[in-house]
Protein chains: 2
Amino acid sequence: MSSPTLWVKSAATLTPDGFVEGATVQVAAGQVVRVWASGEAPTPKPADEILDLGPQLLLPGFVNSHTHAAMNLLRGFSDDLPLDPWLHQHVYPAEARLKPGDILWGTRAALLEMIASGITTFVDMYFALDEVAQAVRESGTRAVLGRGLITVSGRGEEALAEASDFHRRTQGSADGRITTWLAPHAPYTTTPDYLQAVGEAARALGTGVHIHLSETRREVEDCLAAYGVTPFGLMRKVGLDRQPLLAAHAVHLTADDLESFSDWRPGIAHNPISNLKMGCGMAPVARLLELAMPLGLGTDGVASANSLDFFLTMKASIWGARGATGDPCWPNAAQILHAASAGGARAVELHKKTGAIAPGLAADLIGVSLQGVGLEPVHDRISTLVYSATAAAVKTVLVDGKLLYQDGAFLTLDQEAILAHAAEIGRRLVAKN
Amino acid sequence: MSSPTLWVKSAATLTPDGFVEGATVQVAAGQVVRVWASGEAPTPKPADEILDLGPQLLLPGFVNSHTHAAMNLLRGFSDDLPLDPWLHQHVYPAEARLKPGDILWGTRAALLEMIASGITTFVDMYFALDEVAQAVRESGTRAVLGRGLITVSGRGEEALAEASDFHRRTQGSADGRITTWLAPHAPYTTTPDYLQAVGEAARALGTGVHIHLSETRREVEDCLAAYGVTPFGLMRKVGLDRQPLLAAHAVHLTADDLESFSDWRPGIAHNPISNLKMGCGMAPVARLLELAMPLGLGTDGVASANSLDFFLTMKASIWGARGATGDPCWPNAAQILHAASAGGARAVELHKKTGAIAPGLAADLIGVSLQGVGLEPVHDRISTLVYSATAAAVKTVLVDGKLLYQDGAFLTLDQEAILAHAAEIGRRLVAKN
């Protein structure tokens, strides 16, 4: 290759085969070429770049498999309420005050937080997607974007046409970092006919569908009452099992749902913090991993989860699952670290692009330090990463081999301006009339 | 008073009546004299000290109501196992390798982590308490220390005599910062006669009792089978309701247990991370708060909880409780922040000494910054503190009005030496023969 090579040295690099001690990762044209064991890497050429991370561990960047990034503007503005009044009396009225440009700033604010937490790819469902795409483009991150589609507004057809148009304009943009999917909100805010039309559109466009599914017990009961099938059953009934599907939440799964996964493997975005805090319940994480489902972790939006620290999401995945089952062994730390990167990539069919440090995949890499108070002594690196670390341990973030974050400094985003704008917009959104 | 006055200024100070904006806390002889509202504090005298925390919020220091501090040495060395093999095949063999001095270093390492997380008082149950007391003395923190007492070793009488002797030598030492309680390990590692003797000794010494109680379902079933009462019932049967009692865990409470709290109010140390991770279940937090029980939060030891970040403990308290009950409203953030300080102080009867910022109480104060990525925008300070912040937000820690920690620097402990010694000892403890 003619482009200069980047050599990333770390104390150890996590590959699909485990840690490689003292590894050097060879990166060219934004992709991992090879992971060299200690002492085996060739001598860099004069034009090459070297990034020596010293004692840091090098991990694949995290994939946040479900969020509403711009809701960063609404952090902690109405906690400790049931889902329904929270949405209708607080979230929707605040969102109704959004003006053009707000979602750009909100997404930028979320991107600061995601990058600082080691998230290199995020899967978003929101509105004003051109603003979201602009923030992704500027930030240098990778994203799967879907415009939320509902029919209860009476503008379902128009929204689907807009989303299809957005897909044609945006798919593969930002040097291939942006993927666009169609994102019908949920079975209870759309109709089966509309969902069928969305599936047809997705297949015509050659893309996937991202939807909230089986988040609450009531949603499942209502769906059974209305259509005689569970929300997952409805997906098959309307043909949404015929293109890639990402189901966010999947908290309340019936025996039939689990049985159906023997010949249908939708991606699942597990959002433990949001689900626990909102009292929705807990997805059967250990069972889904046992079934080898494509399972990623998601933060959901900051309005419900209050944080995009992906290390908190990993912890909540384990604590919540074990609280629900009483099983102290599963899921374990290694499984959840895998779900945080490779699992999320698999769930949105980006596993041939990102989610692991391996030849041919994008150099989406994070450097994490396990040195310092609250982390040492380190007897087991995976344990310390999952159970002890927080976002504060992330020191280095690269996407496509390009450095986005180093030792607290953002190299593509203006932290000061973004936090100031987000605070100002946030105040306007939550202002009582 | 003749000692110089310390004036602590903050953006807002949390008192039992809520936040006081722009407050100045007047401190003399280590105690809070008065909280002055913005613009109302008298002009400091030339000899006075001023600590201006700028945008930080000033909160009461946290009370970690149950831990085994020196187990910091064993962070993450054997996760994802059931309690019984974890204890017998991993923890006890590792602890058997402890040498004199190890517990001093392990406690120092835990103190770094606790101070950095805003914990100013901790309640410890362990061995070699003179080493633990030395670490407390050096660090400047406050502690309630109890030597673990068991009879299964055959050395129960000797241990109780040692504990009583330690109490006589140590109670009220370190300028009054150390309190010593007796700490029988649990009903299943002692006998009713022994527990009765411990109670008698505690009452003769004028102190309290700290014990693990109702941590697992099996413990409750075994206790019912052996003695016809629950572990809490056993406490009353052997007279341990006649001096202060701190029950660590209290996960599995029967209707009788809850009923008994109408005329008996033992302190409860709730350890959500350990209980969730070990699959033990979840204490009925909302119900205990509804009953106005003296409820504190604890980290348990780092060998089971992997972290002493008290902000994680607060989050797990809410996530775990709501996962167990499905109620999205309770416990709420304000209740859990209260439990983290005042509740813990009440649970060990230190509420006339610490746990709140009020006249006559010790100036155990922490400064927390809610500025920066992952915290802004701030719509509700209590929400952001509990749901969004981690230990990284703690910038300032004082105990008895003395500064222990400021902007990442420890003023009483040698971070570098402690982490190096703890790592070395840790490696020896977990080495396989």
Side-chain angles (χ1 to χ4, degrees), chain A residues 72-77 79-83 86 109 112-113 116-117 272-273 276-282 305-309 312 315-316 318-320 322-330 332-333 372-374 376-380 383-384 387-388 390-392 415 419 422-423 426-427 430, chain B residues 72-77 79-83 86 109 112-113 116-117 272-273 276-282 305-309 312 315-316 318-320 322-330 332-333 372-374 376-380 383-384 387-388 390-392 415 419 422-423 426-427 430:
Chain A
N72 202 276
L73 299 166
L74 298 174
R75 186 195 311 277
F77 88 118
D79 295 312
D80 306 337
L81 293 169
L83 185 63
W86 176 75
L112 291 174
E113 191 172 351
S117 160
I273 296 178
L276 290 167
K277 176 166 169 259
M278 305 292 295
C280 295
M282 190 72 192
N306 302 68
S307 174
L308 299 174
D309 182 337
L312 299 184
K315 288 171 181 56
I318 297 183
W319 299 342
R322 296 190 186 174
T325 65
D327 184 334
C329 304
W330 310 103
N332 66 27
V373 172
E376 297 182 61
V378 179
H379 293 302
D380 179 319
S383 164
T384 304
Y387 291 122
S388 307
T390 65
Q415 173 179 340
L419 291 182
R427 277 191 296 272
V430 307
Chain B
N72 203 275
L73 299 166
L74 298 174
R75 186 194 314 276
F77 88 118
D79 295 313
D80 307 336
L81 293 168
L83 186 62
W86 176 75
L112 290 174
E113 192 172 351
S117 161
I273 297 177
L276 289 167
K277 175 166 169 260
M278 305 292 295
C280 294
M282 192 70 192
N306 302 66
S307 173
L308 299 174
D309 183 336
L312 300 185
K315 288 171 181 54
I318 297 183
W319 298 342
R322 296 189 186 174
T325 65
D327 184 334
C329 305
W330 310 103
N332 66 27
V373 172
E376 296 183 59
V378 178
H379 293 301
D380 179 320
S383 164
T384 305
Y387 291 121
S388 308
T390 65
Q415 173 178 340
L419 290 182
R427 278 191 294 274
V430 307

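Chain identifiers are assigned alphabetically (A, B, ...) following the order of the sequence lines, protein sequences preceding nucleic acid strands; residue numbering begins at 1 within each chain. Note that these values count all heavy atoms, side chains included, but never hydrogens, waters or copies made by symmetry.
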Angle class for the B:W319/A:W319 ring planes (parallel below 30°, perpendicular above 60°, tilted otherwise)?
tilted
Could you look at B:Q415 and say if it's the side chain, the backbone, both or neither that has a heavy atom under 4.5 Å from chain A?
side chain
Which one wins on heavy-atom pair count under 4.5 Å against chain B: A:K277, A:E113, A:R75?
A:R75
Select, from A:L276, A:V430, A:L419, the one with the greatest count of heavy-atom pairs under 4.5 Å involving chain B.
A:L276
What part of B:D309 lies closer than 4.5 angstrom to a heavy atom of chain A: side chain, backbone, both or neither?
side chain
Top contributor to chain B interface from A:D79, A:N72, A:D380, A:L112 [non-hydrogen pairs under 4.5 Å]:
A:D79
Interatomic distance, CG@B:L312 vs CG@A:L312, rounded to 0.5 Å, equals 6.5 Å
Scored by heavy-atom pairs under 4.5 Å with chain B, the best of A:P82, A:G323, A:S307, A:P272 is A:P82
Atom of B:P377, atom of A:A423 and distance for their closest heavy-atom approach
CB-CA, 3.9 Å
Interchain contact, A:S388 with chain B, by part (heavy-atom threshold 4.5 Å):
both
Choice from A:A305, A:G281, A:G326, A:G320 maximising heavy atom contacts with chain B below 4.5 Å:
A:G326
Flag the one option from B:I273, B:I318, B:V378, B:T325 with the top tally of heavy-atom pairs under 4.5 Å to chain A.
B:I273
Mind checking whether A:L83 and B:P328 have side chains closer than 4.5 Å, heavy atoms only?
no
For chain B, find which of A:G374, A:G76, A:A333 contributes the most heavy-atom pairs closer than 4.5 angstrom.
A:G374
Is it the backbone or the side chain of A:A391 that comes under 4.5 Å from a heavy atom of chain B, or both, or neither?
neither
Side chain proximity check, A:R322 to B:D80, heavy atoms < 4.5 angstrom
yes
